[in-house]
Structure formats: structure tokens, C-alpha cells
> 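Mind having a look at this structure? Questions to follow.
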Amino acid sequence: MKQIINEIPIKTTNSFKVNGLEIEIPDNITTHFHGYEVNDDHNLILETTKTTIMNHDAVKLNIKITSNNESPIIFNYYFDQADNLIEEINIEVLNNVHANIIFNYAALSKEQHFHYLKQTIKLDNESSLNFSTINMLSSNATSIIKVDNEVLSNANLTYNLIDLGGSTKVSSSYGKTYDNAINNLNVIYLGTNEDLIDTNYYYINEETLANCAINVQGILLDHAKKTFRGTIEFVSGATSSVGNEIENCMMLSNDASSISVPLLLCNEEDVIGSHSASNGEINKDQLFYLMSKGLTKKEAINIIIMANINPILNNINNEKIVNDITHSIISVL
Amino acid sequence: MKTRVEENTTLQNIYDIKTKHEFVDKEYGLTKETIEKISASKNEPSWVLEFRLKALELFHELKDPDWGPDISYLDINKIATYVKPNSKENKSWDDVPDEIKNVFDKLGIPESEKEQMAGVGAQFDSEIIYHNLEDKLKERGVIYCNFDKAITLYPELIAKYFAKIVPVTDHKYIALHYALFSGGSFIYIPKGIKLELPLQSYFRLNEPGAGQFEHTLIIVDDDASLEFIEGCSAPGYNDLNLHAGCVELYVGKNAHLRFSTIENWSKNLLNLNTKKCIVAENGKIEWIMGSFGSKVSMLYPLSVLNGEYAKASYTLLSFAGNGQNLDTGLKVIHNAPNTTLYCDSKSISKDGGICTFRSNVYVAKKAVNANIAISCESLMLDSISRSDTIPVSNINNNQILFSHEASVGKISPDMIYYLMSRGLSEKEAAALIVEGFAEPIAKSFPVEYAVEMNRLINLELEGTIG
Amino acid sequence: MELLNIKDLATIASDDQNKKILDGLNLTINEGEIHVIMGPNGGGKSTLANTIFNSYRYIKTNGSIIFNGEDITNKSTDEIARLGLFMSFQHPVELPGVSETNFLKAIKDKKNNEHQDVFALQKEIKSKMEALNIDYDYLKREFNVGFSGGEKKKNEILQMMLLNPKLVILDETDSGLDVDAIKTVVKGINLYKNDNNAVLIITHSTKILEGLNVNQVHVLVNGKIVKTGDANLAYQIEREGYQSLLNEN
């Protein structure tokens, strides 16, 4: 079944086909769910039920976080052989609760896994959540991640998406930020070979003093092709609100291609909004500086790339997972 | 140095002069017969009529864009597609009929010609009514004339460039333009000729419910340079007016063209204009655009950087007030190595006005060492207005420098406070800051345009702040 | 004659209303006097200057400010300025696109309530620029854009000389300036100063005080003036610091 997804909020000229992505969702996908490995017994309410997504059978998880946790709750899921997974995960963090969650998806084999993940995250008043989704599927996989979040008054969400696995990586995030809340999206993506990366992030400041930020750091090698869509919108009444968007695409190959569509939509006077995008090779001055200290070009490039992505990796409070991520990036450079 | 000029007449009064000028011919609607009639009245070669009729077919085939401001209410049958003023083209300003002359005189045209211009053209509704060029430039082979005349006078140049830079298939309203084109300017600057003073064309759309479809073709040959200024205005009527002009520019090797527009169409006009420039090796196109008028504008000048080291620069300012939707920006194609794009775009939205910056930048794989810097700043003067930034870039090699920065917000309270601590009222402080915001555009124009622009800004700001 | 009288002034920050900054401050300045306010960072020195000018950053919770016989406690910033108060900003803003000339003309015309002839004004500006060693080219530049710290501060003094106010507040005008620039600032102050006006200097160092005839030095700590003395107090602070001074009390 062909579908158009990742549509931008305001259409523009069709010349570069950036208004949305047409994608084929195979009809013959069947979900084989063999359960998450969870690291610990935490105070959370977890229900697993069946549901239907895009006419396919799917799994639905409802998670309620009722008390604070400092070390992250880690959900590990391993794709084995011809595993496919279509799932919906709904997470609510209750009032005043501070939580830390990691969803880590990895592959045990090289099959063409299909993963469709729909997440809905709701932060109640005064709560906070540091949430990471890590895609380390095999290089043949298709990964579609769709996140909706709502951050209510005085709450604070940091969402980290580490999108490394799969030859097709599609991600979208639709975030609403309310009174005095903070909503940060951090993304690292990696494109190799003929990978297709397609993103659509849309963050709205709904109320006064809302603060949202989108920070995307990408690495493109070989013939990888990326389309970045990122929107920050200020609705009328979102006074004294702040919205910031940064997209940095490090193109390590002359055959890679990079499309960027960073939108800034504003219907309120009293705001501070900005976006900046940079695309291209690694900064030559930084490279020269490091090489003048005796580092090889490759070492210098690694350092500069890690310097760009480390601030995001620092949000993930698990050394092993961070090491795995770092290793899988460095190994392809 | 510029200082503000105080005058009693407000600019709105000037733009609102409605003349009861007699026209000799006025055509409504869009049929084969209308076009045949327009063509016949111009005594055109037969290929032009054929071309017009083909364009008409295309107009009916093509669809409205599915993006951008809504223009579905445009009914081409209610637009006067051709209005011929009761005047011939004149070489001497004294021969222009008084009613038309009065309008241009009050707009300061061709007052400016006396000191600051090398040549001036003026179009009233569908026809050019005045054209003049310094004799010494004529002697050096410079051509500056009514576009209609150029078709018969310079068939070789027309065959080489006309409808080649902007093809008839580009979009629906360019097809409409080619069906109805009338008036406009043709300029040819021969190799190596550098004009010290600008040429200026002024377009006035005077008739209620009329359309203007002027065609401008400028060729700046190798090593030549030109500054061209166009001004546009129309008085306010209730009927919808339409402007679907077309500008084709060619900048040769090492040549330089600065194309400046100050646009103050009335706020009942749809401005669906198309501008495009092809730049050869080491040539440079500079676009300077101040957009104040019109109900809806859709205008994205395209630069095709075909030669190595070709450059494009854009300095843009839009000011949208009540009922206005100004959708402007740029398109650039980097088609050769070492090409450069620089863009400084600013917009001001107030009283429910909408400003949209829309850009499309394409860097071909072979365009290595392209250098691109785009900056957009949007100023919001209240919370019922809107400001959107929709930039698209498509980059196909990594040997480039690309940066895009955009910001939106209100006038900095620290700036207002500082100016108030020097005794200025809040309103005066805001006006000074907004004037400064628009300065990069203002300083690119001759002084009377800049003064006019500052007055437009002050007029627009009246009653908004404080 | 009394020029400025501040009574029991208390303020909070408008973006953090739990934060008390000034807390019962009293200060009187007479015509012909030069006063100095010193004090540790965060004590409220800049807040005092900006509160007098009714900055949007602070909210007055108590007290009154009388300037030249008029109650300015609740007047707007521009009204206060037009009554003859001037502040040299610690961090003057940049105004992109606004030329120095247009800026100076705008504030001078406002003060005189008439449009001054451009050439007469330029002549006046140039004579003051000469006294302050400012290059005439600055007139064409955008206001403060790309100016160094010292150039921005000289620009403040130039405006002061041009507007000739009754009372001047110099908010750390000397900080970050080299010796020569401080001398220029002092020269400007001396050119401006007479028996009918007054100066309030907020500073961390005594450099700017050399060559000025200082009447009183106040020490501002935690939103209050805790000690007042003559010029020697400033030198004592420079030698011994604030802590020993506070321990004395």
C-alpha cells in the first residue's frame, strides 16, 4: 500500500518533492512480538494489548510512570531472523514525576526487518522525562518512527532519537508545548550506502513561556540521501516563548545529497524564534587545527563528529548503550 | 548622507490620484478574439500572434499552484486584459498628455531623470507612453526602448532571448503573460559598455479592474554593466487588478547587472510576477526588491548561475499590512563550480499582514565550491500578523559552504528602552529601529526612492505602536 | 539646590519577582556635585541607574524619586530623559541600519523640540567629536555596529555633551577601557560639568575619579547604601577591598 507521510505543515513548490514522502508499506508484514527485556522492576504500570495499525495487526503498550526513577528504565528489543514489528507505545508521566527511559532496538541478524513504531508521550504538569529511542537495526531494515508528544504546564521533555540502523529511516515527531514547559528534540542520524533518510519534525509553542528546540546532527556517507523537514511554530498567544532549530548535516561523501526544509512559522509578536542550517564538509579550520597537533585526517574527523554528537549522547544515561552507539558510528567512518 | 524629508502631502494621497483619463481601447476577458485584436493593434509579425494563441491554450491547460496564497477568486473574465491609454509614445516629456503627466510628476518621475538617470521609460496601463535615452549612449550602441517596438526592430536579439530565459511552460500565469504581453522595456548593453547612471522604468496601472502584462528583456553583454530600476504603483480601487509581468535577464561574462524594484501596487492587486536571470562566467546579478503594495504577491526571482564564478545576491524587504499576503523569496540554481549566492531578506508584518519568505536553492553535483549564505530576519509588530519562513535547499555535493539563518521576533525591548532613555517616545523609537531594519534596501536606491521608502514605513507604522 | 532625591527605594526584577534587588535605598544629589557609587557585584548599582530610568526590567515596590522638584517615580523612560536626566549605558545597544548622524539628529531634535539645520548640527557634533578624539567617519557608520567597547562608551559621552542634561549617570562607563580612553571620558565630564549640573558615577575603580572633584562616595551592598564618605573612601576600597570595610561596621 502506497502512502504519503511526513507532509510539511505548509506546502511549498513541488520542484524538489519536499512536501511529503511517498512510501510503500508492504501488505504482507506480520508482527511477531516476543516481548521486551526490561532491566529492572520499576514502579510503572505496563499493559500489553493488540491493536490495528494501517490495516495490520499490531502490538500496543500502555505505560504509566507513577514515581521517580534516576537510572533509566531500559526496554531492549532484539529483532531476530524475519522479525517484523508494528507497535504503538503510549507513555504518560504523571504529575510531579521525574523519569528516565530508553527504548533500544537492535538486530541479531541481517534480514530485512520492518519496524513501525508509533509513540505517544504525555507529560503531565510539573513532570519531567528524559526519553531515548535508539534504532540499531541491520543495514537492510526499514524503520519508521512516529512520535507525538504533549508537554503540559511546567513539564520538561528531552527526547533523543538515535537513528542509525536500516536502509530506510523515516522519522517524524509532532510536539506540543504548553505553559512554561520545555520540549527538546535531539536527533542523530547516520546514512551510509544508498540509505534514504526522511524526517519531519513539527514543534508548536501553544502557550506563554513555552520553550522548544530541535537539534539535528547528521552524518552522510557514500550515496546516502537525506531529506530534513523541521518546523517550529508559534501560535498567537504563545507570548514570551522561545523556539530554536539547528540542523547540521556533515557530508563526508561527494556523492551524498542533502535536502533541508527548516520552517519557521510565526503568529505571535512576543517570541524569539530562530533556525540555522549548515550543510557540507567538516569545518576545514577545525580540521586544520587538529591536524596541526599531529592527528591524522581520519582521527581529526572522528573528533569533530563526536564533538557534534556528544552533547546529545550525554543525555543517555547508560554507558554500554552510549559505547555501542559510538562504536557503530566510528566503525563506518 | 540621508536625512528625512518633511512634506505635507502624504504618500497615500499621491498614490491615490485617480485620473479620469480617456482610454481609446479597453478589452475584457480572455478569448482568441481579444488576443487577435491586441495583436492587430500592435501590428506585430504573425509569429507573435501564433505564439500568443499557443500561450492562451497553455493557460487554460495549466493548473493554479497547489501551494502558496489562495488566488482562486481571480476571475480572468473580469480583468481588463488590455487598456490602451489615449497617448502615443513620446520622446519629450512635454508631449505626454497633462492628465498622465500630472500623475507621474507627483510620483517624482521623470523629475529624477534630470540628474540621476541615463534614461527613463514610463508605462501607463498597457502601453509605454514615454521613453528616452541619453544620445551619447545611443551612439555607443545601447538600446533602451519599448518592448513592443523591439520585436520588429531587433528580430535577431528577440529570436535569441525572448521567451528563452522564461519559457512559456513555466507556470499558468506566465502562459497568461505571454498571451497578453504588452509594453515593458527592452535593453541591450553592448560588450564592454559600463553605464554610470541607472536606467529607470516606471509602471503605473491606472484603470480599475485592469491587468498589466509588461515584458522586460535586458541583455547585458560580456564585460558590460547596468543598473536598472523599476518602480510600480497603482491607485486604490475596489476592483481586483492583476499584474502578471515577466522579466528576462541575461548577464554575460564578467558583466554586472543590478536590478532594483520598489513595488507599491495598490492593495487590491494580485502581483503574479515572474523574473529570471541567466548568469554567465564571472557575471553578477544583484536583485534588490522592496515590496510594500499588492493584496497578494507571489514573486521569487530565479538566478541560474551557469558560468564558473557567477554570483547572485538578493537584498529583499517586504512590509505586509492589513489584508496583504506577500509571498516572496528566491530560486537559485548553482550549475557551475565556484558560484556564489548571498541573500539578506527582511520582512515586517503588522495589522494582520502575512509575510512569507520562500526559497529554493539547488546545488548541482558539478557545482563544487559553491558558497551560499542566506539570512532571513522577520519582524512582528503585533500578534494578529503572520510571518513564515519556508526555505528549501537541495545539495548534491559536499565541497560547498552552506549556511542558512533565520530569526523571528518583535523589536528588541532593549533598543526601545535605550532610545527612550535619550528622550524619544516609544513610537519614535520603534520607527527609527524599523527604518534601520529597512536600511540595507533603502541605501541601494537613489535618494528619492529611499526617502519615499522611509515615508512609506512611517506611514505604515502610524497608529501601530504606542 | 537639590537635584535628585531618592527615598526608601525598593525594587524587584520583573522576570523573577521573588528577587529583591534594591531594598530601602536613600540618596540625595545637589547641583554642582559629583557622587560616586561603588560596591560589590550584584549589589544593585546598575539596577539603581536603570530603576531611575524606569527600565522594564525592574519593578518598584516602594519609595520615591524626585528629580529637579518633579516626582519621576512613575514617569516613562522618555519623559524622564526629556526632564534632563542622562544615563551612559554599561552595555549600549547597537542599532543596525541607523546611522550615527540620523541617531544624533533624532535625539537632538527631540530635545530641542524642533528640526535643527543639518549643517549646524554637524558642525556642533564635529566640535564635540574632536574634543573626544572620535573620528568623523563615525557619523556615516551604523550606530555602535562593530564599535569596540571603548568606542561605544565614547559614543555615550558624545551624546551626553550634545544633550547637555542636568544630571548624568555613568554606569560603569570606565570598565573595559584603556588608560587613554578613560582620560578622554574624564575630559568629556570636565567639559560638561558646571555648578548647575551634577554627575553620578557608578564604578569599580578609582582611575576615572582622578582629575574629578568628587564630593561623596557611597558604598552600595545588598540594595542599600551602607557607608558614605569623601573621595578617600574610594581609595580605601581600592586598597583594602569591600570586605574589610564591611567588617568595620
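All chains are named by letter (A, B, ...) in the order of the sequence lines, taking the proteins before the strands, and each is independently numbered beginning at 1.
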> If you apply the rule side chain to side chain contact (heavy atoms under 4.5 Å, CB included), what do you find for B:Thr389 with A:His275, and how did you get there?
CA-CA 10 Å; B:Thr389 311; A:His275 71 220; 4.2 Å; yes
> In Å, rounded to the nearest 0.5 Å, how long is the span from CD of A:Glu268 to OG of B:Ser387?
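Taking CD in A:Glu268 and OG in B:Ser387, the distance rounds to 12.5 Å.
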> What part of A:Phe234 gets closer than 4.5 Å to chain B, counting heavy atoms only: side chain, backbone, both or neither?
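Contact with chain B: side chain only.
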> How close do A:Asn14 and B:Trp67 get, counting heavy atoms only, and between which atoms?
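Smallest interatomic distance, heavy atoms only, reads ND2-CD1, 4.2 Å.
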> Counting only heavy atoms closer than 4.5 Å, note whether A:Val18 contacts chain B via side chain, backbone, both or neither.
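For A:Val18, the contact with chain B is made by the side chain alone.
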> Less than 4.5 Å to any heavy atom of chain B: does that hold for the side chain of A:Ala256, its backbone, both, or neither?
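For A:Ala256, backbone heavy atoms alone lie under 4.5 Å from chain B.
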> Can you name the nearest heavy-atom pair linking A:Thr12 to B:Arg358, along with the distance?
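Where A:Thr12 meets B:Arg358 most closely, the heavy atoms are OG1-NH1, 3.0 Å.
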> Checking heavy atoms, do the side chain of A:Ile8, its backbone, both or neither come under 4.5 Å from chain B?
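Neither part; nothing is under 4.5 Å.
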> Taking the side chain as everything from C-beta on, heavy atoms only, tell me whether A:Met250 gets closer than 4.5 Å to B:Asn398.
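Answer no - side chains too far apart.
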> Would a 4.5 Å heavy-atom cut-off, applied to side chains only, mark B:Lys365 and A:Asp255 as touching?
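Result yes, sub-4.5 Å side-chain heavy-atom pair found.
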> Just checking heavy atoms, which of residues 369-380 of chain B are less than 4.5 Å from chain A?
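Expected list: B:Met380.
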> Is the closest side-chain donor-acceptor distance between A:Asn279 and B:Ser393 under 3.5 Å?
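No, no side-chain donor-acceptor pair sits under 3.5 Å.
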> I'd like to check A:Pro262 versus B:Pro391 (side-chain heavy atoms, cut-off strictly below 4.5 Å). Are they in contact?
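In short, these two side chains touch, coming nearer than 4.5 Å.
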> Looking at every non-hydrogen atom in both residues, tell me the closest pair between A:Met251 and B:Asn397 and how far apart they are.
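Residues A:Met251 and B:Asn397, closest heavy atoms: CE-O, 3.6 Å.
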> Chain B heavy atoms under 4.5 Å from A:Thr227: which part of the residue, side chain, backbone, both or neither?
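Contact with chain B involves no heavy atom of A:Thr227 at all.
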> I'd like to know if the side chain of B:Ser383 and the backbone of A:Ser236 have a donor-acceptor N/O pair within less than 3.5 Å.
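Checking the backbone N and O of A:Ser236 against the side chain of B:Ser383, no donor-acceptor pair under 3.5 Å is found.
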> Does one side chain, of B:Glu405 or A:Ser276, offer a donor that lies under 3.5 Å from an acceptor on the other?
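Checked: B:Glu405/A:Ser276 side chains show no N/O donor-acceptor pair below 3.5 Å.
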> Measuring heavy-atom distances to chain B, does A:Glu245 have an atom under 4.5 Å in its side chain, in its backbone, in both, or in neither?
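No part of A:Glu245 comes within 4.5 Å of chain B.
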